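Just so we're clear, the structure is a prediction, and the values are computed from it rather than from any experiment. In what follows, every heavy atom counts, from backbone to side chain, and hydrogens, waters and symmetry copies are set aside. One is the number of the first residue; the rest follow in order along the sequence.
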Amino acid sequence: MLNITVKYNGAKPTTNMVIVNIKLLSGFTADTSLLGSPPDSFAPLVQRVDAGDDHVLVYLKEVPKGVPMTYRLQLKQVLAVQNLKPAVVEVYQQSDVFETTYMPPCP
């Protein structure tokens with residue numbers, strides 16, 4: 001299970017749209033069902049989820065100031081990979097980009 005927390009501490013009360021780009025670890029797939037599916041069952045503030053072969057894009061309508069928003073993504077290992085390298089999670093809000101990495105086991 002990969003837990004992703006996004007928190008905004010800027011000057012405005014909320015952000016505009018935020019995109020979370022989760023690159024998957026080599027040999028892993030993602031079950032995005034915890035993020036929801038249309039029409040009305042998305043997790044709070046999730047507007048859309050796009051899943052590709054090696055990444056998941058989560059589109060958040062906004063992130064309120066000072067309120068941590070946590071999302072869960074179920075990862076499943078489908079292929080054993082030796083010397084696994086960390087994967088990157090990038091958060092985009094307009095021209096700002098924030099980045100971190102993760103490795104299994106995910107908390």
Roughly how far, to the nearest 0.5 Å, is the CG atom of Leu34 from the CD atom of Gln74?
7.0 Å
Close side-chain approach of [X] and [Y], heavy atoms under 4.5 Å:
X     : Y     : value
Leu45 : Met69 : yes
Gln93 : Asn16 : yes
Val63 : Thr14 : no

For [Y], is there any backbone N or O sitting under 3.5 Å from a side-chain donor or acceptor partner on [X]?
X      : Y     : value
Lys61  : Val46 : no
Thr101 : Ala87 : no
Tyr71  : Pro44 : yes

side-chain contact (heavy atoms from CB on, under 4.5 Å) with [X]: which of [options]?
X     : options             : answer
Leu60 : Val18, Val91, Thr15 : Val18
Phe28 : Leu84, Asp54, Val81 : Leu84
Asn21 : Val88, Leu57, Val58 : Leu57

Pairs flagged by side-chain hydrogen bond (donor to acceptor under 3.5 Å, both in side chains) wherever residues 75-84 is involved - sequence neighbours left out
none
Can Leu73 and Leu35 be said to form a side-chain contact (heavy atoms from CB on, under 4.5 Å), step by step?
CA-CA 7 Å; Leu73 187 65; Leu35 296 172; 4.1 Å; yes
Could you list all the salt bridge (Lys or Arg N to Asp or Glu O under 4.0 Å) pairs where at least one residue sits in residues 6-15, not counting sequence neighbours?
none
Determine the minimum heavy-atom distance between Leu24 and Asp53, stating which atoms define it.
CD1-O, 4.1 Å
Between Leu2 and Ile22, does a side-chain contact (heavy atoms from CB on, under 4.5 Å) hold up when you go through it step by step?
CA-CA 10 Å; Leu2 176 62; Ile22 306 154; 3.9 Å; yes
Walk me through it: do Thr32 and Val56 pass the test side-chain contact (heavy atoms from CB on, under 4.5 Å)?
CA-CA 8 Å; Thr32 61; Val56 174; 3.9 Å; yes
